[in-house]
Asks: 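One structure follows; several queries about it will come next.
Naming: A, B, ... by sequence-line order, numbering from 1 per chain.
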2 protein chains.
Amino acid sequence: MCAAIRSTATGVPMPSCVPFDQLEPGQTASLGKTITEADILLFSAVSMDTNPVHLNQELADETLFKGRVAHGMLCGSLISAVLGTVLPGLGTIYLTQSMRFRAPVRIGDTVTAEVEVASLDHEKKRATMRTRCFVRGKVVIEGEAVVIPPTEAVVAVAQNEKRAAE
Amino acid sequence: MCAAIRSTATGVPMPSCVPFDQLEPGQTASLGKTITEADILLFSAVSMDTNPVHLNQELADETLFKGRVAHGMLCGSLISAVLGTVLPGLGTIYLTQSMRFRAPVRIGDTVTAEVEVASLDHEKKRATMRTRCFVRGKVVIEGEAVVIPPTEAVVAVAQNEKRAAE
């Protein structure tokens, strides 16, 4: 439908959307990002999570992690990005998210968030998505999301936006 | 122990920490924040979640939400702030978080994230925390977190930091 839309101006992928009827268990999508010091500073400011384990190298060195680590929720937010911009994408309504933080993520680590259609509730038009984040192939966060994928009407809006951009 | 530490320089609360042995079911802590447009822009940049429902007023007006809404994970990240800086605070290790997004949060809404000690696993030294976010007294996010509260050793580090700041 409107998957893999690209802005002709910038080449940056624009949000895609896959309506409920086109979802199938096993479909996957992912987004990756290298976690920078700037990400940690901005996330601390937005979230008010100023725990020194994220911001204070000397104190973080004395913890179990032996150094600064990124906020778990910062890495988890990449899952929201995949759900909200790729699969199911634009128009998705986020109902629930569970996360298990399995390993620390450090500055310089490249995190890939992957979502996979796990099951579909055809009566309620809801999708359960398996959600995982990886660093160098190792799972750092795993969990599950339940979403309401976009309707055909939302897809039509997105297509109008795409046409307007062309 | 080291709860309610304040920086003498700025008056800003410094991270507190409550070690496992001082936690009791029913203890609560909270942090509040007004969600601004800047928060949404910064969170979009950090998370890569550029869903137009957060950024494009005209398109957001056509959705179920009838306007721009904050990222659910942005509001959820305030929970991480309370857990990591107040209760149990500095040194807490975040194991799991579940969130149910019950209502949209808009620019200008003041979100209060509250955590409550729900139960303690004395064998594994883990705490289960009830986690909720409120806007005008209404629950917008509810869920649960499992954490490893700080050890006495971490508390000692925090106390050293406090003394150094005085």
Asks: Starting at CD1 of I141(B), measure out to CD of Q97(A) and round the result to the nearest 0.5 Å.
Replies: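 One finds 11.5 Å between CD1 of I141(B) and CD of Q97(A).
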
Asks: Heavy-atom cut-off 4.5 Å, strictly under: side chain, backbone, both or neither for A45(A) against chain B?
Replies: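 Looking at A45(A), just its backbone touches chain B.
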
Asks: If hydrophobic clusters are built by linking Ile, Leu, Val, Met, Phe, Trp and Tyr wherever their side-chain heavy atoms come under 4.5 Å apart, do V139(A) and V111(A) end up in the same one?
Replies: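 Shared cluster, no.
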
Asks: Could you see if M129(A) belongs to whatever hydrophobic cluster contains F134(A)? Use Ile, Leu, Val, Met, Phe, Trp, Tyr and a side-chain cutoff under 4.5 Å.
Replies: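 M129(A) and F134(A): separate clusters.
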
Asks: Compare all side-chain heavy atoms of V46(A) with those of L74(B) and state whether any distance is below 4.5 angstrom.
Replies: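 The answer is yes; the side chains approach within 4.5 Å.
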
Asks: Give a yes-or-no answer on whether the side chains of N51(A) and T85(B) include a donor-acceptor pair shorter than 3.5 Å.
Replies: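 No pair is found: no donor N or O on one side chain lies under 3.5 Å from an acceptor on the other.
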
Asks: Tell me who clusters with I93(A), hydrophobic residues only, linked when side chains sit under 4.5 Å apart either directly or through other members.
Replies: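 Result for I93(A) is L95(A), V146(A), I148(A), V53(B), L64(B), F65(B), V69(B).
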
Asks: Tell me if the CD atom of Q57(A) is crowded by more than 12 foreign heavy atoms within 6.0 Å.
Replies: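 Enclosed: over 12 neighbouring heavy atoms sit under 6.0 Å from CD of Q57(A).
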
Asks: Report the distance from atom CG of D49(A) to atom CD1 of I79(B), rounding to the nearest 0.5 Å.
Replies: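 The CG atom of D49(A) sits 11.5 Å away from the CD1 atom of I79(B).
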
Asks: Atom CZ of residue position R130(A) - does it have more than 12 heavy atoms of other residues, nucleotides or ligands inside 6.0 Å?
Replies: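 Open: at most 12 neighbouring heavy atoms sit under 6.0 Å from CZ of R130(A).
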
Asks: Can you see which heavy atom on F43(B) is nearest to which on F43(A), and at what distance?
Replies: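 Reported closest heavy-atom pair: CE1-CE1, 3.5 Å.
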
Asks: If you count heavy-atom pairs under 4.5 Å between each of P104(A), G72(A), S98(A) and chain B, which one has the most?
Replies: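 Highest number of heavy-atom pairs under 4.5 Å: S98(A).
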
Asks: Kindly compute the distance separating CZ (R100(A)) from OG1 (T96(B)), expressed to the nearest 0.5 Å.
Replies: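 Here the interatomic distance stands at 6.0 Å.
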
Asks: For the residue pair L78(B) and S47(A), what are the closest heavy atoms and their distance?
Replies: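 Looking at all heavy atoms of both residues, the shortest contact is CD2-O, 3.2 Å.
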
Asks: S80(A) and M73(B): which non-hydrogen atoms are nearest, and at how many Å?
Replies: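 The pair with the smallest heavy-atom distance is CB-CG, 3.8 Å.
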
